[in-house]
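To keep things clear, I will list the structure first and then write my remarks on it.
In the text below, chain A, chain B and the rest are named by the order of the sequence lines, each starting its count at 1. A quick note: this is a predicted structure, and the numbers were derived from the prediction, not measured.
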2 protein chains.
Amino acid sequence: MSGLVLTTFDWVPPPPRGFVRDIRIRWALEEAGLPYRVESVPFKERKAVHFEHQPFGQVPWLTDDGLSIFESGAILLHLGEKSEKLMPTDTRGMSDTKEWLFAGLNSVEMASLPWSLCKFSGQSSDNPIFQQFESFLKVSRLPHMEKVLATREWLAGPFTIADIVMADTLRLVDRFDGLTDFPAARAYVGHATARPAFQKALADQMAHFAKAD
Amino acid sequence: MSGLVLTTFDWVPPPPRGFVRDIRIRWALEEAGLPYRVESVPFKERKAVHFEHQPFGQVPWLTDDGLSIFESGAILLHLGEKSEKLMPTDTRGMSDTKEWLFAGLNSVEMASLPWSLCKFSGQSSDNPIFQQFESFLKVSRLPHMEKVLATREWLAGPFTIADIVMADTLRLVDRFDGLTDFPAARAYVGHATARPAFQKALADQMAHFAKAD
């Protein structure tokens with residue numbers, strides 16, 4: 001099948017809806033105005049063909065004619081290379097976009113996801129491991145992001161794939177009230193998620209999963 | 001200053017030595033045979049100029065003539081684009097390298113780092129948060145990596161930057177005996193770290209920090 005095809009789960013339970021990672025790809029595709037189709041694989045019974053495309057049995061993956069790509073970071077980079085609306089083409093703009101893309105995925109989300117998982121599963125704030133991750137996120141990462149975001153609208157100049165990752169990562173922190181001491185980060189999330197492309201991506205993801213209820 | 005300059009800390013305490021992230025860049029530079037210099041910034045007192053290059057006050061960063069790049073993933077991608085010894089130039093080989101690079105950083109290390117931090121800080125294995133991360137790593141990630149690594153020598157065909165990230169990530173798990181049930185992953189780490197470029201990178205990092213004791 002030709003063209004861009006995004007594959008996600010057919011259904012997920014309500015709590016993660018709106019946060020399943022196909023949203024990052026939908027968001028980028030909407031920003032770029034690239035046509036695409038969405039296909040589904042079973043959430044409950046993951047088959048061999050699923051693991052052939054995504055070795056961890058997760059979603060999303062993207063096929064672009066003959067090429068199948070998993071990992072939302074890799075898919076975003078692929079789309080960034082297709083559209084100037086997602087990544088500048090000058091050397092510095094492209095390099096800045098890539099470094100912030102990796103910063104979102106490996107410096108900020110590395111700290112925010114463990115924290116968010118603790119919050120999501122209702123762990124006690126007295127737990128010493130939670131406190132370790134609270135400090136990792138709120139001392140080692142967010143104050144630095146706050147300084148960066150207080151001085152610029154988007155991370156790499158214009159809006160890019162790096163903002164899709166960073167805003168979606170911080171949006172999950174905000175869901176658990178983790179940005180109350182970081183007003184610039186909170187404003188950045190608000191600003192990013194007000195974009196029509198995000199609103200469309202979110203509505204489409206919610207409708208996709210609701211359809212299977 | 002022209003050419004490639006890798007900046008790391010002047011000193012770190014003994015426990016993380018051999019695992020500081022400049023090792024990923026040293027390893028890539030040695031594999032590619034690219035000439036480079038190493039510079040240092042203070043570990044104990046991090047200055048404004050440090051944050052200008054690396055907004056989280058971490059290391060490493062790389063300068064390549066006028067371009068300054070932080071995030072080891074972004075630096076590795078930059079070096080991969082400079083040398084065929086680090087990333088194939090055909091469409092599929094390049095795409096596979098990128099997806100496995102992101103998989104190492106965002107799927108595997110996202111699970112292994114929280115687990116390793118718990119181990120490093122001596123948290124109880126009865127702690128419910130530790131058990132959550134133990135399951136994330138040993139049920140949701142490593143069995144899938146084990147299947148992949150049982151069938152191939154390197155992740156994307158030839159040895160690439162993706163193997164540098166994945167092997168270094170799994171090496172930290174192995175340090176805390178986390179690979180005992182995953183023989184293919186363990187063999188992969190052994191195989192990768194036996195490469196002369198890794199041995200040189202490790203010896204150089206150890207010598208660099210020891211010099212400042």
Self-check item: Toward chain A, the part of B/Leu67 with a non-hydrogen atom under 4.5 Å
Solution: both
Quiz item: Are there residues of residues 146-167 of chain B that reach to under 4.5 Å of chain A by heavy atoms, and which ones?
Solution: B/Val148
Quiz item: salt bridge (charged side-chain N to carboxylate O under 4.0 Å, His left out) with B/Arg17: which residues, sequence neighbours excluded?
Solution: B/Asp213
Quiz prompt | Pairs where residues 102-112 of chain B contributes a residue and the test side chain to side chain donor-acceptor pair (under 3.5 Å) is met, not counting sequence neighbours | solution = A/Arg21-B/Asn106, A/Glu71-B/Ser107, A/Asn106-B/Glu109, A/Glu109-B/Asn106, B/Arg21-B/Glu109, B/Arg24-B/Glu109
Exercise. Heavy-atom pairs under 4.5 Å with chain B are the metric here; pick the option from A/Ala111, A/Ser124, A/Gly57, A/Ser121 that has the most.
Key: A/Ser121
Quiz item: Quick one: side chain to side chain donor-acceptor pair (under 3.5 Å) pairs with a partner in residues 88-104 of chain A, sequence neighbours left out?
Solution: A/Lys98-B/Glu81
Quiz item: Is it true that atom CD of B/Glu84 has more than 12 heavy atoms of other residues, nucleotides or ligands lying nearer than 6.0 Å?
Solution: no
Self-check item: Candidate list A/Phe56, A/Phe102, A/Phe70, test ring pair (Phe, Tyr, Trp, His ring centres under 6.0 Å), partner B/Phe102, passing option
Solution: A/Phe102
Quiz item: Which region of B/Leu117, side chain (C-beta onward) or backbone (N, CA, C, O), has a non-hydrogen atom less than 4.5 Å from a non-hydrogen atom of chain A, or is it both or neither?
Solution: both
Practice problem: Decide if atom NZ of A/Lys138 counts as having more than 12 heavy atoms of other residues, nucleotides or ligands within a radius under 6.0 Å. | Solution: yes
Exercise. Side chain from CB out, backbone as N, CA, C, O: work out which of these in B/Leu77 comes under 4.5 Å of a heavy atom of chain A, or both, or neither.
Key: side chain
Self-check item: Residue part contacting chain B, namely of A/Leu113, when any heavy atom lies under 4.5 Å
Solution: side chain
Practice problem: Would you check if B/Asn127 and A/Phe130 make a side-chain contact, meaning some heavy-atom pair closer than 4.5 Å? | Solution: no
Quiz item: Under a 4.5 Å heavy-atom cut-off, does chain A meet the side chain of B/Ser140, its backbone, both or neither?
Solution: backbone
Exercise. Taking the side chain as every heavy atom from C-beta outward, state whether A/Arg141 and B/Gln58 have any atom pair closer than 4.5 Å.
Key: yes
